[in-house]
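Keep in mind the model is a prediction, meaning the values are calculated, not measured. For this chain, numbers begin at 1 and follow the sequence in order.
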Amino acid sequence: MFRAICLFLLFTCAAGAQEPKMIKTKLLTFALGSLPENFKAFYKSGEEIRPFSASQGSLGIPVDYIGPTAFVLRESAEAFTPPKDGKPMPPPLAFVNFPPNVDNVLVIATAKNEKVRLMAYDISTKELANGDYKFFNFSHSTLSLIFDSQNFVMTPGTHRMVRDSKWHSEIKAFPIKIATVDANNKAKKVYSSLWEHYPVSRSLMFLFDGNRPGQTITFRTLTVDIAPEEQPAQ
């Protein structure tokens with residue numbers, strides 16, 4: 001009897017372990033460089049199968065994603081149907097594991113040997129208060145930034161929270177300046193403009209390598225507006 005109970009518990013645990021962990025999040029996409037010509041892929045969210053797209057010119061529009069943390073691309077909508085003869089599913093075109101407990105995920109697609117590789121990054125806004133920013137340096141350069149009263153340096157592959165108490169109360173315009181920093185610690189300005197700031201917004205700032213001649217760095221933004229009743233306490 002004891003042995004039967006143990007076998008039942010082992011079977012139950014094994015069955016539970018096979019169930020994929022499901023998440024609900026917002027999905028954004030971006031392409032580092034050009035993807036293979038005529039590349040076409042699909043992914044599944046809930047019961048819906050959608051086309052996957054990623055552009056090196058702009059961030060994708062945030063869309064809802066409901067599914068396992070293992071994000072899979074297949075060559076067609078039909079490829080998500082299990083074979084009737086009991087054979088295993090064919091290998092996907094690409095896949096990546098999403099970080100757990102995120103409310104926004106950035107999926108970056110890049111081409112390698114005519115195939116596509118995916119990378120997933122946690123770009124959650126839940127840790128941002130109104131008026132706050134989070135910078136991500138996806139470029140290959142060390143960058144020096146001036147953002148209103150904040151001066152900071154970001155090495156490739158890093159992220160940084162940027163906040164100031166003055167940003168929580170007023171609409172304003174302030175300078176944003178970006179310079180690359182070489183191995184000799186010499187800075188070269190590559191971007192300068194004015195940034196329109198709104199205290200009821202949280203913003204994610206993505207820095208990428210430029211994608212056209214003469215453009216060293218480009219950046220994209222995702223801004224999330226907060227309704228007055230949702231604003232975090234100061």
Side-chain angles (χ1 to χ4, degrees), residues 14-125 134 136-141 156-159 204-212 215 217-222 224:
Q18 293 173 359
E19 296 179 1
K21 182 177 180 181
M22 306 295 283
I23 61 172
K24 183 177 181 180
T25 186
K26 290 285 187 181
L27 176 67
L28 292 86
T29 61
F30 190 83
L32 286 180
S34 299
L35 299 183
E37 189 176 0
N38 300 321
F39 174 76
K40 184 183 293 186
F42 296 81
Y43 69 95
K44 190 173 184 179
S45 175
E47 297 302 318
E48 183 181 0
I49 297 175
R50 305 171 179 169
F52 175 84
S53 62
S55 169
Q56 64 174 331
S58 63
L59 286 172
I61 298 173
V63 295
D64 291 326
Y65 170 79
I66 302 174
T69 54
F71 181 75
V72 173
L73 296 184
R74 297 192 180 277
E75 61 184 8
S76 66
E78 294 74 21
F80 283 90
T81 302
K84 294 182 179 180
D85 54 10
K87 293 182 179 179
M89 295 283 285
L93 291 178
F95 72 93
V96 67
N97 289 317
F98 283 172
N101 305 317
V102 293
D103 57 28
N104 286 281
V105 175
L106 174 64
V107 175
I108 293 182
T110 183
K112 185 176 183 180
N113 299 327
E114 297 303 315
K115 294 184 178 180
V116 170
R117 177 185 172 220
L118 301 179
M119 297 169 283
Y121 295 89
D122 178 357
I123 55 168
S124 295
T125 57
K134 189 173 183 179
F136 295 82
N137 184 7
F138 290 116
S139 79
H140 289 86
S141 301
T158 60
H159 58 80
L204 303 173
M205 314 286 282
F206 306 102
L207 300 152
F208 298 101
D209 292 326
N211 52 30
R212 64 174 184 264
Q215 183 186 57
I217 297 295
T218 184
F219 75 86
R220 305 286 185 264
T221 64
L222 171 65
V224 182

*First locate atom OG1 of T221, then atom CG of L204, and finally report the distance between them rounded to the nearest 0.5 Å.*
9.0 Å
*Would L106 and F136 satisfy side-chain contact (heavy atoms from CB on, under 4.5 Å), going step by step from the backbone distance to the final call?*
CA-CA 11 Å; L106 174 64; F136 295 82; over 6 Å; no
*How about L73 and P92: do any of their side-chain heavy atoms sit closer than 4.5 Å?*
no
*How would you list, by chain and number, every residue that makes a side chain to side chain contact (heavy atoms under 4.5 Å, CB included) with T218, sequence neighbours excluded?*
F208, Q215, R220
*What residues form a side chain to side chain contact (heavy atoms under 4.5 Å, CB included) with P90, not counting sequence neighbours?*
R74
*Quick one: sort the F138 and Y121 rings into parallel, tilted or perpendicular, breaks at 30° and 60°.*
perpendicular
*Going from CG on N137 to CG on D209, what distance comes out if it is rounded to the nearest 0.5 angstrom?*
8.5 Å
_Separation of T69 OG1 from F98 CZ (nearest 0.5 Å)_ = 9.0 Å
Only pairs under 3.5 Å count here: list side-chain donor-acceptor contacts from residues 28-50, not counting sequence neighbours, and write none if there are none.
| from | atom 1 | to | atom 2 | distance (Å) |
| --- | --- | --- | --- | --- |
| T29 | OG1 | S53 | O | 2.8 |
| S34 | OG | Q56 | NE2 | 3.2 |
| Y43 | OH | R50 | NH1 | 3.4 |
| S45 | OG | I66 | N | 3.0 |
| E48 | OE1 | R50 | NE | 3.4 |
| R50 | NH1 | D64 | O | 2.5 |
| R50 | NH2 | D64 | O | 3.4 |

Distance-only check: which donor-acceptor pairs under 3.5 Å involve side-chain atoms of residues 107-120, not counting sequence neighbours?
none

*Over all heavy atoms of both residues, which pair between N104 and T25 is shortest? Give the atoms and the distance, please.*
N-OG1, 3.3 Å
*For L59 and F206, run side-chain contact (heavy atoms from CB on, under 4.5 Å): C-alpha distance rounded to whole Å, both residues' side-chain angles, the deciding distance at 0.1 Å, then the answer.*
CA-CA 9 Å; L59 286 172; F206 306 102; 3.5 Å; yes
*When you look at F52 and L93, which way does the side-chain contact (heavy atoms from CB on, under 4.5 Å) test go after all the steps?*
CA-CA 11 Å; F52 175 84; L93 291 178; over 6 Å; no
*Could you list the residues that satisfy side chain to side chain contact (heavy atoms under 4.5 Å, CB included) with K87, not counting sequence neighbours?*
P83, D85
_For D103, all residues meeting side chain to side chain contact (heavy atoms under 4.5 Å, CB included), sequence neighbours excluded_ = S124, T125, K126
